[in-house]
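Step one of this worksheet: look at the structure below.
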Amino acid sequence: MKKKVLAILLASSMALALGACGSSDDGASSSGGSAENSSSDKASDDSTSSEEGSGSFEGASIEIDIEDSIQGNQETLDQFLKEIDDFCAETGAKIEVVQNGGDQENILKTRMASQDMPDMFVTHGWAALRYNDFCEDLGDEDWISRVDESVLSVITDSDGKVCTAPLTQWVYGMVFNKDVLDANGIDPYAIKTWDDFFEACTTLKENGITPCLVAGKNGGGLPGLMEQLNVFYSADGAPYENREALLDGSFNWTQNTQYWDMYAEIYDNGWFNEDIFTADTTTVQKYMGTGEYGFMPWCGVSDMATIKSYTPDVNVGIIPIPAVEEGGKAAYTVGEGTCIAISNTSKNIELCKAVLDYLLDKDNLTEYCNINGGMPGLTDITPEESESLTLYQTSVESAGENLVFTNFFDREYLPSGMWNVMQESMANLFNGDVGTAKDRVPGVAEYFQENYVTLFETNAG
């Protein structure tokens with residue numbers, strides 16, 4: 001690995017300015033390394049320096065700002081810091097890792113306003129949609145050919161600029177208990193439309209199985225369901241597709257209630273877990289292994305490994321969100337997992353690119369994904385015993401051409417601040433006796449519309 005990395009580095013520019021761009025924050029950790037030979041030694045014999053481990057970025061320094069996709073888990077953070085330390089030891093670079101955690105979004109907004117972006121930063125889902133003006137274009141990097149096409153579309157802006165490097169990606173669809181479905185004669189891969197899903201749920205309910213599980217206690221459970229708006233209003237082939245109106249704020253939610261009508265019917269059929277408002281994510285993940293439930297209508301690929309950690313013998317799988325109409329396209333929602341951008345104002349862009357090369361090296365990224373449990377953003381990375389990845393690939397092959405990959409609906413089509421509105425909308429829809437949700441649809445749509453207009457105008461201003 002050392003020889004490989006240094007060969008790449010020595011081929012890049014040697015004339016690098018010193019010093020990181022940006023300031024330190026609380027929780028920062030620093031890494032640094034020293035070379036065995038001096039710069040003059042390296043200049044006199046590059047091939048010898050590479051063999052002996054001399055760093056080609058001796059004394060150069062940068063700052064990397066990270067958040068919870070890395071530091072939310074101690075083992076993941078330790079692995080990331082280890083790889084940064086190893087890079088510094090091999091190259092002589094000095095890298096300050098700033099751990100912003102959950103404050104990353106607000107900190108980066110402040111730094112954008114002051115034109116003081118860190119050299120590198122985790123984009124937490126907003127590379128192309130928020131940070132694109134501050135990101136170095138990575139479209140010509142060697143690793144681009146290895147990027148999964150589904151996440152590549154998410155991290156590329158409307159002008160074709162690749163804004164960030166995807167170590168991992170989030171992929172969300174509909175997770176099922178295969179043992180339960182098999183026992184009830186249901187082929188999950190034959191579920192192409194919501195009508196097919198309703199038929200499966202009807203069979204499960206008749207046989208004493210609760211069809212759907214939702215973790216309503218968590219902040220992501222109920223609003224997560226609303227990411228499925230894509231198959232109604234934004235994805236290619238969506239029957240009510242009106243992306244132009246969504247983007248300019250003229251979309252009228254009170255006249256487009258098809259999504260809420262459908263989920264009101266699901267609720268009124270009694271297809272949800274009774275503790276929908278008190279069950280958290282861990283609870284429903286454990287429920288999936290009991291044999292009493294059929295589907296988690298909104299769930300990530302990586303969550304399947306967590307489900308099996310609680311119930312090792314359970315067989316699960318995943319399918320995309322069904323199409324609304326026969327012949328339509330199902331959709332997987334794809335977002336940035338651990339994705340790192342380079343500021344286009346960094347004084348050490350070549351060093352930053354070398355860091356990305358190192359992190360995206362097949363061996364390094366495989367080890368990171370093994371520990372992180374995330375789905376790799378690169379196609380040649382196969383984490384050890386990644387059953388979840390295999391199950392996902394099976395579903396993609398089964399879907400064939402009738403499959404699209406979309407960004408998270410709220411990120412692309414809703415104004416900032418709508419997440420809590422999404423939460424309240426679904427809570428209001430389900431807040432009543434079974435059989436009454438359909439009567440609440442108009443009020444839910446009106447509430448959503450009012451906040452949509454207000455926040456769109458606020459953000460535009």
Side-chain angles (χ1 to χ4, degrees), residues 66-70 76 80 120-132 135-173 224 227-228 230-231 234-236 298-305 318-321 329-342 356-357 359-362 364-366 368-370 372-383 386 388-397 399 403-413:
I66 65 172
E67 42 70 84
D68 286 338
S69 69
I70 295 176
T76 298
F80 182 81
M120 304 179 73
F121 54 95
V122 175
T123 49
H124 62 94
W126 293 94
L129 297 174
R130 178 182 297 166
Y131 301 123
N132 55 342
C135 295
E136 179 73 6
D137 188 353
L138 303 175
D140 292 331
E141 298 305 296
D142 290 341
W143 45 262
I144 283 293
S145 62
R146 301 162 55 212
V147 176
D148 191 317
E149 289 186 6
S150 58
V151 73
L152 183 60
S153 64
V154 171
I155 62 175
T156 303
D157 73 6
S158 58
D159 295 324
K161 181 172 78 173
V162 179
C163 299
T164 192
L167 279 68
T168 64
Q169 58 179 315
W170 287 348
V171 180
Y172 276 76
E227 300 294 353
Q228 298 173 348
N230 57 358
V231 296
S234 64
D236 289 341
W298 180 250
C299 193
V301 170
S302 60
D303 291 319
M304 289 189 286
I318 191 167
I319 55 175
I321 303 305
K329 292 185 177 181
Y332 268 119
T333 295
V334 181
E336 301 170 28
T338 301
C339 294
I340 302 177
I342 297 174
L356 290 184
D357 286 340
L359 294 174
L360 295 172
D361 173 83
K362 185 174 181 178
N364 288 338
L365 187 52
T366 297
Y368 179 87
C369 290
N370 282 336
N372 175 261
M375 182 172 169
L378 274 59
T379 57
D380 60 348
I381 307 300
T382 306
S386 181
S388 297
L389 183 56
T390 300
L391 292 169
Y392 166 69
Q393 292 169 338
T394 297
S395 75
V396 170
E397 292 170 2
L403 177 65
V404 294
F405 299 91
T406 74
N407 199 343
F408 282 75
F409 185 88
D410 68 303
R411 292 176 179 173
E412 190 158 5
Y413 297 107

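Numbers here are sequence positions counted from 1.
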Legend entry - Derivation and outcome, side chain to side chain contact (heavy atoms under 4.5 Å, CB included), residues Trp143 and Leu138: CA-CA 9 Å; Trp143 45 262; Leu138 303 175; 3.9 Å; yes
Is the shortest side-chain heavy-atom distance between [X] and [Y] below 4.5 Å?
| X | Y | result |
| --- | --- | --- |
| Ser69 | Val122 | yes |
| Phe80 | Leu359 | yes |
| Gln169 | Ser150 | yes |

Legend entry - Parallel, tilted or perpendicular: ring planes of Phe409 versus Tyr413, cut at 30 and 60 degrees: tilted
Inset, instruction - Just say parallel, tilted or perpendicular for the rings of His124 and Tyr131, cut-offs at 30° and 60°. - result: perpendicular
Atom pair [atom1]/[atom2] of [X] and [Y] - distance to nearest 0.5 Å:
| X | Y | atom1 | atom2 | value |
| --- | --- | --- | --- | --- |
| Asn370 | Thr382 | CG | OG1 | 10.0 Å |
| Asp303 | Ser388 | CG | OG | 8.5 Å |
| Asn230 | Lys329 | CG | NZ | 13.0 Å |
| Met304 | Thr390 | CE | OG1 | 9.0 Å |
| Thr76 | Ile66 | OG1 | CD1 | 10.5 Å |
| Asn372 | Ser302 | CG | OG | 8.0 Å |

Closest heavy-atom pair and its distance - [X], [Y]:
| X | Y | answer |
| --- | --- | --- |
| Ser145 | Asp142 | OG-O, 3.3 Å |
| Ala341 | Thr164 | N-OG1, 3.3 Å |
| Asp148 | Thr379 | CA-CG2, 3.6 Å |
| Leu389 | Ile381 | CD2-O, 4.0 Å |
| Ala235 | Val404 | CB-CG2, 4.0 Å |
| Ile342 | Phe121 | C-CE2, 4.5 Å |

Quick check: does any side chain N or O of [X] sit under 3.5 Å from a backbone N or O of [Y], one acting as donor and the other as acceptor?
| X | Y | result |
| --- | --- | --- |
| Lys161 | Asn132 | yes |
| Glu336 | Ala127 | yes |
| Glu136 | Cys163 | no |
| Thr156 | Ser153 | no |
| Asp137 | Val162 | yes |
| Asp157 | Asp159 | yes |
| Thr168 | Gly377 | no |

Inset, instruction - Test side chain to side chain contact (heavy atoms under 4.5 Å, CB included) on Tyr172 and Glu227 and set out the steps. - result: CA-CA 9 Å; Tyr172 276 76; Glu227 300 294 353; over 6 Å; no
Inset, instruction - List the steps, then state whether side chain to side chain contact (heavy atoms under 4.5 Å, CB included) holds for Met120 with Leu356. - result: CA-CA 10 Å; Met120 304 179 73; Leu356 290 184; 3.6 Å; yes
Inset, instruction - Determine, stepwise, if the pair Ile318 / Tyr332 fulfils side chain to side chain contact (heavy atoms under 4.5 Å, CB included). - result: CA-CA 10 Å; Ile318 191 167; Tyr332 268 119; 3.5 Å; yes
Inset, instruction - Output yes when Asp380 and Arg146 qualify as a salt bridge under the 4.0 Å nitrogen-oxygen rule, no when they do not. - result: yes
Legend entry - Test side chain to side chain donor-acceptor pair (under 3.5 Å) applied to Tyr368 - qualifying residues, sequence neighbours left out: Thr338
